[in-house]
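This report refers to the structure that appears directly beneath it.
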Amino acid sequence: MKSIVVIGSLNVDVLQKIDRLPQQGETLSIEGKSTNFGGKGANQAVAAARQGAIVSFIGAVGSDSEGQTFIQLLEQEGINTRFIQSKKGPTGTAYIMLERDGHNTILVHGGANAELTIEDVNQAKDVIAMADVVVAQLEVPRPVIQRGFELAKESGAMTILNPAPVTQRIESAILGNTDLLVPNETEAAALLNLPPSTNYKTLKDRLPLYQEQLGIHNLIITLGEDGAFFAIGKQIGPVKNFKVDVQDTTAAGDTFIGTIATTIEPDLSNIERTLQRASAASAIAVSRPGAIPSIPTSEEIARKLAPMAMS
């Protein structure tokens, strides 16, 4: 059973259903509204836990009632919450505008996520030392990620970085300790200061830039409805999507990453099987509404993959 540590964000998701995004100066009605728990870190942790991993979380919630409820929810998922700190002020909040076609646009207020410190990570040194994989995103302070990845590499754990939200620069001290980078097409392009692309040849032509400019040799780029692109060592290729009726894409990328963390071997040798499972998991997630409620279990993923195994 794989041990995974997630260093990341915990957000209250305020989901607003709309027909489409408003133009500048335009007012549109909200067709529906709901509040759930999410955040990239929480989503990735739940995805890993529901697939049988031993998951510990390093993060922060606010001193509000949402923070305590969030911790209880993660504990119900079997996640170790010992290293989730309670900070003064509000729990982080994400405002999700979900369009009728299933695509979403998100605004985030960091709240307690922004208060996570290096000392908070140091307190979790022992659990990081026992981890097989350490996963992080960019919704918590960069020094926190840097320290977490330093500790991970000291103990021989694999590190996976999801460079989201989008940024044009990541500190070399973080990238130097990153074993696998998993951006979406917008994030991947921004890191090179280039326009986004889902074209296979374009992505392949850009590979030397990731190595030369960022020092990244293992890369998986998620491409939404176009699947994914991977370059692991000398293995390069596309990843096809499963065809589904898209309801809500909110946790798709996080489910993909949580599945990778759970499935990938230390030497990355099973990359094709890993990506097949990750694609199946994401397909299930986008066919359901919500973030955490949409994340599948290992059994559901197995059922999704069963027709392929028989063919």
Side-chain angles (χ1 to χ4, degrees), residues 6-22 26-50 55 57-79 81 84-116 137-140 162 164-166 184 245-258 281-282 284-297 300:
V6 176
I7 305 170
S9 55
L10 299 155
N11 288 329
V12 178
D13 288 346
V14 180
L15 178 68
Q16 300 164 98
K17 293 184 177 180
I18 56 177
D19 183 49
R20 59 172 175 80
L21 289 174
E26 182 182 22
T27 301
L28 295 177
S29 297
I30 295 173
E31 298 176 357
K33 182 179 178 181
S34 61
T35 301
N36 296 292
F37 292 100
K40 292 182 182 301
N43 295 342
Q44 291 168 18
V46 169
R50 288 185 182 172
V55 181
F57 201 99
I58 301 172
V61 294
S63 54
D64 48 20
S65 60
E66 287 88 352
Q68 293 309 306
T69 303
F70 211 148
I71 290 174
Q72 291 170 8
L73 181 149
L74 295 179
E75 288 174 347
Q76 289 170 6
E77 294 286 343
I79 295 169
T81 63
I84 296 179
Q85 308 296 329
S86 181
K87 305 287 186 179
K88 289 183 179 179
T91 299
T93 307
Y95 300 92
I96 303 167
M97 289 162 283
L98 177 64
E99 296 177 74
R100 186 167 289 181
D101 63 5
H103 291 94
N104 62 64
T105 303
I106 304 174
L107 298 171
V108 175
H109 175 252
N113 295 310
E115 303 302 318
L116 198 64
Q137 326 80 39
L138 301 180
E139 289 187 329
V140 296
N162 173 215
V166 65
N184 64 23
D245 180 17
V246 176
Q247 298 293 317
D248 183 354
T249 61
T250 304
D254 298 327
T255 300
F256 191 90
I257 290 167
S282 293
I284 296 169
V286 301
S287 68
R288 303 167 171 172
I292 287 177
S294 75
I295 297 171
T297 63
E300 289 175 314

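Shown here for D254 and Q44, the closest heavy-atom pair between the two residues is OD1-NE2, 3.0 Å. For I295 against A251, the heavy-atom pair with the smallest separation is CG1-CB, 4.4 Å. Contact detail for S282 and T255: the closest heavy-atom pair is N-CG2, 4.0 Å. Heavy-atom minimum distance, E139 versus P165: CG-CD, 3.5 Å. Looking at every heavy atom in both residues, I292 comes nearest to A42 through CD1-CB, 4.4 Å. Minimum heavy-atom separation, A47 to G258: CB-CA, 4.0 Å.
With hydrogens and angles ignored, the 3.5 Å screen pairs no side-chain donor or acceptor of D64 with any backbone N or O of P90. Between the side chain of S63 and the backbone N or O of K88, no donor-acceptor pair lies under 3.5 Å.
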Test side chain to side chain contact (heavy atoms under 4.5 Å, CB included) applied to V46 and L74, step by step = CA-CA 8 Å; V46 169; L74 295 179; 4.0 Å; yes

task = Check step by step if side chain to side chain contact (heavy atoms under 4.5 Å, CB included) holds for N104 and E99.
result = CA-CA 6 Å; N104 62 64; E99 296 177 74; over 6 Å; no

message = The test is side chain to side chain contact (heavy atoms under 4.5 Å, CB included); show your working for D101 and V246 and say whether it passes.
response = CA-CA 7 Å; D101 63 5; V246 176; over 6 Å; no

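Note that CD1 of I257 and CG of N184 are 9.0 Å apart. Values are rounded to the nearest 0.5 Å. To the nearest 0.5 angstrom, I84 atom CD1 is 7.5 Å from I79 atom CD1. Within the model, atoms OG1 of T105 and CG of L21 stand 4.0 Å from one another, a figure rounded to the nearest 0.5 Å. Rounding to the nearest 0.5 Å places NZ of K40 at 9.5 Å from OG1 of T250. Atom CD1 of I7 sits about 9.5 Å away from atom CZ of F57, to the nearest 0.5 Å. In this structure, N162 CG and L138 CG are separated by 7.5 Å, a value rounded to the nearest 0.5 Å.
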Considering only distance and modelled atom types, tabulate donor-acceptor pairs under 3.5 Å from the side chains of residues 106-115, sequence neighbours left out.
from, atom 1, to, atom 2, distance (Å)
N113, OD1, L10, N, 2.9
N113, ND2, L10, O, 3.4
N113, ND2, N11, OD1, 2.8
N113, ND2, G110, O, 3.1

Quick one: side chains of residues 28-37, donor-acceptor pairs under 3.5 Å with protein atoms, not counting sequence neighbours, listed by atom name and distance.
from, atom 1, to, atom 2, distance (Å)
E31, OE1, R100, NH2, 3.4
E31, OE2, R100, NH2, 3.0

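Scanning for ring-ring contact (aromatic ring centres under 6.0 Å, His included) contacts around F256 gives an empty result, with sequence neighbours left out. Under the side-chain contact (heavy atoms from CB on, under 4.5 Å) criterion, A48 pairs with I4, A53, V55, T262, sequence neighbours left out.
Note on residues 66-75: pairs passing side chain to side chain donor-acceptor pair (under 3.5 Å), not counting sequence neighbours, are E75-T81. Applying the side chain to side chain donor-acceptor pair (under 3.5 Å) test to residues at least two apart or on different chains, the pairs with a partner in residues 285-295 are R288-E300.
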